[in-house]
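A short worksheet on the structure shown next.
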Amino acid sequence: MFVTTVSFLGFTLLVAAISYAYTRRDRMTTWDAYFLGGRSLTAWVIAGSLMLTNLSTEHLIGLNGDAFNHTIAVTAWETTAALAMVATALYFLPRYLRMGLSTIPEYLSARYDRATGVIAASVFLFSYVLAILPVVLLFGASGIDSLFGLREAFGLSQTQVTWLLVWGVGVLGSLYAILGGLKAVAISDTINGVGFLIAGLLVPLLALVQIGDGNPWTGLGTVYVEERPKFDITGDEPGSFLPFGVLFTGMVVNQIFFWCAGQQIIQRGLGARNLREGQKGMLIAACFKLLGPLVIVLPGVIAFHMFKGDLGPEDYLLAYPTLVKAVLPDWLGGFFAAVMVGAVLSTFNSVLNSSATLFCRDIYGSVVRPDASPREFVFAGRVCSIVLALAAMSIAPMIDTSGSLYNYLQRINATFFGPMLAVIFLGMVWNRVSAFAAKAGLIGGPALFFLLVFSFDEPVQAFLRGLFGTSDEIHFLHFLAIVFVVVVGFMLLTSRIRPARSRYEEPDEALVDMTPWRHAKALGAVVCVCTIGCYVLLAQ
């Protein structure tokens, strides 16, 4: 226990010390310094921050748990993200940097009108506080408790441990975002990202060594032969948890929005020193995404192989923690705990920083105090971070964990992703789309998705099953694609009847050097080929 505690504190303090050393001379009194890291982020910092902003315990525990219950088809959440990241690097990021944006709603305000930007910012903030922030905290609390048996060690109840860990991790994560701004967040993400990658790969490696009596290749062969149905990446088994068809419908919409227009992701690219560094960082992160199956899916299958007689489907959240306990040496326990906490902190503080940026730029600076000074913006951002952190820490312990938490997170996000992407996409490709159509899409689209998937789920499912002659549930990602198409069609029709009064022209002058990275297209092509290759090799 002493060694575990020392290694945990050692790595945690190391991350804090390095983050402080790199930011202690920075004056967090201007907009760019606090919210965009002074537009000075380099490729490896961007890549590391992107990985840890996205990856956390909801992936390690949630997706591995889903792989334990189903198949490796759930890796689509990670592998297909690499394709969207290539699109961001080659198409979206150059446009955003050329416009000198700080937020996505800022673009919508310029493209449509101020009200559209305010609505979009409000939708972002609502989704963050309702889904991402509390789920990240709850997964973190659940994972830390499962791995290290805090209930037994301190004689506490499940509820007490959950509240204690949620608030402990939440307060610590808030300090990074509130005091250090984007640069401190990005640097801590990068260091934690290295630890996350090492620890994430170490767990399946040690498990396969154990199964293969010292030879990991033998262990992998054993797992593959004995659990071959689990390795079907197409997910075509009856009643599939993630059917292959969604990769061509809602998964496309989900990944393009999250990686090409999601504020917590794009903000790392917006803080790039220049386009070259931004593209390089995005594509490096895309390469790391290809390792996703080894970290966030394979351990779940290995856990099924080792513990299927001890753990039932209802114990899916225990699959990864049980595997870690079984294969990880005691002297690595503290390091792994620090990595787990760091992953939660990274995602939590990144989303908090993005939330503060959205609030200050698109609500406070647009509606409340347009003439606010830079110091007032920074103060308002810190207040916003505190309020959202308190809300998330209060909501997290009350979330129902009886179903797939990762699925819950994605269903809530899908409510907003389709309509938001429709508004952003049409704004870029057709300059006659009106502000009225954009506002109607931002409000009506989420309402339509909520009615189809949440309020009237049973009658809608019954109607569609009868229409298509199937007994399987229609996956919510199909509804995401449907809502996207409906919103696009509505906006096109509305804009024909009530067109925009003027044409939007993008600014020509950029705030940073716009020279592209010369290897961007080549590396992007390699990432795309490797992603498709995963499906060709593992399809059954």
Side-chain angles (χ1 to χ4, degrees), residues 56-78 135 138-153 156-162 165 200 203-204 206-208 210-211 219-220 222-243 293-328 336 340 396-411 471-473 475-476 540:
S56 190
T57 46
E58 73 268 20
H59 295 80
L60 277 179
I61 294 177
L63 280 181
N64 275 309
D66 291 337
F68 176 88
N69 269 354
H70 304 282
T71 72
I72 66 168
V74 295
T75 195
W77 292 112
E78 291 300 299
V135 169
L138 184 59
F139 260 122
S142 174
I144 294 168
D145 179 36
S146 300
L147 283 168
F148 304 105
L150 299 184
R151 277 175 292 170
E152 295 79 7
L156 301 174
S157 66
Q158 176 66 64
T159 302
Q160 290 173 323
V161 168
T162 299
L165 290 175
V203 170
L206 291 175
L208 293 175
Q210 188 178 114
I211 294 170
L220 181 60
T222 300
V223 175
Y224 182 78
V225 171
E226 297 186 12
E227 314 297 345
R228 185 163 183 177
K230 286 281 186 182
F231 286 89
D232 182 12
I233 200 170
T234 62
D236 278 339
E237 78 275 12
S240 174
F241 184 69
L242 193 69
L294 300 177
V295 176
I296 52 99
V297 173
L298 180 59
V301 177
I302 295 173
F304 180 82
H305 175 78
M306 295 177 66
F307 312 118
K308 56 188 173 185
D310 302 317
L311 299 177
E314 70 280 0
D315 302 316
Y316 75 103
L317 287 180
L318 297 177
Y320 189 74
T322 303
L323 181 66
V324 171
K325 288 180 180 178
V327 304
L328 205 66
F336 192 82
M340 289 277 287
M398 297 184 286
I399 295 177
D400 180 15
T401 61
S402 58
S404 168
L405 276 179
Y406 193 83
N407 229 26
Y408 163 83
L409 173 63
Q410 297 301 338
R411 284 165 69 96
S471 59
D472 295 337
E473 180 180 355
H475 200 277
F476 76 88
Q540 295 183 18

Checklist outcome for this item: CG of Asn69 to CD of Glu314, rounded to nearest 0.5 Å, is 8.5 Å
Checklist entry - Roughly how far, to the nearest 0.5 Å, is the OH atom of Tyr316 from the CG atom of Leu311? => result 13.0 Å
Item to check | Point-to-point distance, once rounded to the nearest 0.5 Å, from CD1 of Ile72 to CD1 of Ile296 | outcome: 10.0 Å
Checklist outcome for this item: Nearest heavy-atom approach of Leu298 to Pro204 is CD2-CB, 4.3 Å
Item to check | Sequence-distant partners of Ala303, side chain to side chain contact (heavy atoms under 4.5 Å, CB included), two or more places apart | outcome: Phe68, Phe307, Ala319, Leu323
Next on the checklist: What I'd like to find out is whether the side chain of Ile233 reaches to under 4.5 Å of the side chain of Thr71, using heavy atoms alone.
Outcome noted: no
Checklist outcome for this item: Value for CD (Glu226) from NZ (Lys308), rounded to nearest 0.5 Å, stands at 6.5 Å
Checklist outcome for this item: Heavy atoms of Leu294 and Pro299 approach each other most closely as O-CD, 3.5 Å
Checklist entry - Could you give the distance from CD1 (Ile61) to CG (Asp66), rounded to the nearest 0.5 Å? => result 12.0 Å
Item to check | Contact summary for His475 and Pro243, nearest pair of heavy atoms | outcome: CD2-CD, 3.6 Å
Checklist entry - Who pairs with Val223 by side chain to side chain contact (heavy atoms under 4.5 Å, CB included), at least two apart in sequence or on another chain? => result Leu208, Ile211, Glu227, Phe231, Val301, His305
Checklist entry - Looking at CD1 of Ile302 and OG1 of Thr222, how far apart are the two atoms once the value is rounded to the nearest 0.5 Å? => result 11.0 Å
Checklist entry - Which pair of non-hydrogen atoms, one from Lys230 and one from Ala67, has the smallest distance, and what is that distance? => result NZ-O, 3.2 Å
Next on the checklist: Between Asp232 and Pro229 (side chain of the first, backbone of the second, donor and acceptor by atom type, cut-off under 3.5 Å), is there such a pair?
Outcome noted: no
